[in-house]
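Structure record follows, encoded as structure tokens.
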Amino acid sequence: KDLALSLFPYLLVWAKAQENDGKQILILTATSGDTGKAALEGFRDIPDINIMVFYPSDGVSPLQKDQMQKQSGNNVRVAGIDGNFDDAQSALKRIFMSGLREEASEKGVLFSSANSINIGRLLPQIIYYVWIWLQLRKNHSIGENERFNVVVPTGNFGNILAAFYAKQMGLPVNKLICASNENKVLFDFFSTGTYNRKRDFILTSSPSMDILISSNLERLIYRITGGNPEECAKLMENLSKGGEYTITPEMKAQLKDFYGNYCSEEETKEAIREVYK
């Protein structure tokens with residue numbers, strides 16, 4: 001997914017040239033580890049674009065922290081926060097919806113983001129799944145009319161959503177298997193139809209998946225409401241204020257292509273141990 005991000009700066013620069021409004025762009029991005037370094041490197045020293053990355057001080061690996069803090073470039077800034085990834089992302093979302101965004105625009109600065117809350121981040125990832133299908137056909141791994149499953153470890157629901165979009169475009173994907181760690185909010189959602197973030201946040205050995213508010217799930221919810229922005233906004237408000245929402249049986253029926261499950265910390269360690277041996 002971070003290879004896809006390397007295309008994003010070029011898309012943004014192209015779009016900026018089409019607008020030709022003379023404004024600068026400030027990229028504000030929250031990261032759970034991997035995206036931060038990829039975004040900083042992607043936007044390093046690009047004219048008229050600055051980037052600030054916020055990460056949880058105690059929620060990324062030492063290597064990830066090193067990669068971000070030692071990033072070269074005159075237009076890059078990083079900041080560790082007291083809190084987890086959800087805290088960082090929620091704060092940035094509030095900034096995007098606040099008067100500060102309008103105030104900055106009046107001063108010639110546009111706010112944007114580089115993680116998967118920006119649709120430009122998702123678009124290149126759709127190509128991955130088309131490429132996978134082409135390889136499977138080329139290798140004769142599947143027949144002309146056969147479907148294939150995709151398994152995607154996910155926290156913010158971005159990459160697997162790209163697979164869903166590819167399927168909507170006609171790619172013969174069968175099941176979309178959503179793999180979580182002990183922060184299994186997505187597994188519970190697909191099992192029950194209730195999204196509930198009111199639970200302990202667990203720091204695991206897969207910090208990029210330590211997320212309780214999966215931003216891109218909102219895009220899927222929008223689709224299963226029939227593209228109803230009011231109904232979607234109401235569910236998101238319930239999540240923001242009450243910490244949970246429940247979809248209707250009719251909406252849940254539209255999720256039949258998704259399957260969720262999760263791996264405990266002990267199972268994670270055992271898998272790493274087994275592969276290593």
Considering residues, nucleotides and ligands other than [X], do more than 12 of their heavy atoms fall under 6.0 Å from its [atom1]?
| X | atom1 | value |
| --- | --- | --- |
| Q18 | CD | yes |
| D200 | CG | no |
| K138 | NZ | no |
| N139 | CG | yes |

Step-by-step side chain to side chain contact (heavy atoms under 4.5 Å, CB included) determination, N238 to E244: CA-CA 6 Å; N238 291 343; E244 65 177 305; over 6 Å; no
Rounded to the nearest 0.5 Å, what separates atom [atom1] in [X] from atom [atom2] in [Y]?
| X | Y | atom1 | atom2 | answer |
| --- | --- | --- | --- | --- |
| I177 | D257 | CD1 | CG | 11.5 Å |
| L5 | F43 | CG | CZ | 6.5 Å |
| N84 | L203 | CG | CG | 8.0 Å |
| E182 | C263 | CD | SG | 8.5 Å |
| R147 | L171 | CZ | CG | 9.0 Å |
| E267 | E274 | CD | CD | 12.0 Å |

Verify the cluster assignment for [X] and [Y]: are they in a single hydrophobic cluster under the rule of side-chain heavy atoms below 4.5 Å apart?
| X | Y | value |
| --- | --- | --- |
| F148 | M169 | yes |
| W133 | Y129 | yes |
| L123 | Y222 | no |
| M52 | L100 | yes |
| Y165 | L3 | yes |

For residues [X] and [Y], determine if any side-chain heavy atom of one lies less than 4.5 Å from a side-chain heavy atom of the other.
| X | Y | result |
| --- | --- | --- |
| T268 | T204 | no |
| V152 | Q125 | no |
| E265 | I202 | no |
| L239 | E218 | no |
| L12 | P9 | no |
| L40 | I51 | yes |
| I25 | I27 | yes |
| M236 | I221 | yes |

Holding to side-chain hydrogen bond (donor to acceptor under 3.5 Å, both in side chains), I want the full list of residues that pass it with S113, two or more places apart in sequence or in another chain.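 With sequence neighbours excluded, S113 shows a side-chain hydrogen bond (donor to acceptor under 3.5 Å, both in side chains) to N115, given in chain and number order.
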Please check if the side chain of [X] supplies one atom and the backbone of [Y] the other of a donor-acceptor pair under 3.5 Å.
| X | Y | answer |
| --- | --- | --- |
| K184 | A179 | no |
| S206 | M209 | no |
| R101 | I95 | no |
| N118 | G120 | yes |
| N75 | D45 | yes |
| D188 | V185 | no |
| T154 | C178 | no |

Show your working on salt bridge (charged side-chain N to carboxylate O under 4.0 Å, His left out) between E41 and R44 and close with a plain yes or no. CA-CA 5 Å; E41 182 62 35; R44 172 172 58 94; 2.8 Å; yes
Do [X] and [Y] have a side chain donor and acceptor closer than 3.5 Å?
| X | Y | answer |
| --- | --- | --- |
| K37 | Q71 | yes |
| R219 | N216 | yes |
| N174 | N149 | yes |

Is it true that K234 and E231 make a salt bridge, defined as a side-chain N closer than 4.0 Å to a carboxylate O?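 A salt bridge is absent here (no side-chain N lies under 4.0 Å from a carboxylate O).
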Is the shortest distance from a Lys or Arg side-chain nitrogen in E266 or K269 to a carboxylate oxygen in the other one below 4.0 Å?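 A salt bridge is absent here (no side-chain N lies under 4.0 Å from a carboxylate O).
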Classify the angle between the aromatic ring planes of F111 and F96 as parallel (below 30°), tilted (30 to 60°) or perpendicular (above 60°).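 Perpendicular: the ring planes of F111 and F96 meet at over 60°.
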Measure the acute angle between the ring planes of Y195 and Y245, then classify it against the limits of 30° and 60° as parallel, tilted or perpendicular.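 Correct class here is parallel.
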Trace of the side-chain hydrogen bond (donor to acceptor under 3.5 Å, both in side chains) decision for S105 with K23: CA-CA 8 Å; S105 181; K23 291 185 177 180; 2.9 Å; yes
Does the side chain to side chain contact (heavy atoms under 4.5 Å, CB included) test come out yes or no for L110 and K16, once each step is laid out? CA-CA 10 Å; L110 293 175; K16 188 176 184 300; over 6 Å; no
Quick check: closest heavy atoms across [X] and [Y], and the distance to 0.1 Å?
| X | Y | answer |
| --- | --- | --- |
| F85 | S32 | CD1-N, 3.5 Å |
| S215 | K93 | OG-NZ, 2.7 Å |
| I213 | S90 | CD1-OG, 3.9 Å |
| L122 | N159 | CD2-N, 4.4 Å |
| I126 | A162 | CG1-O, 3.7 Å |
| Y128 | A4 | OH-N, 3.0 Å |

Given F164 and F258, is the ring pair (Phe, Tyr, Trp, His ring centres under 6.0 Å) satisfied, shown in steps? CA-CA 9 Å; F164 170 76; F258 284 92; 5.7 Å; yes
Matching residue for S180 among I211, N261, L186 - test: side chain to side chain contact (heavy atoms under 4.5 Å, CB included):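 Result: among I211, N261, L186, L186 is the only option passing the side chain to side chain contact (heavy atoms under 4.5 Å, CB included) with S180.
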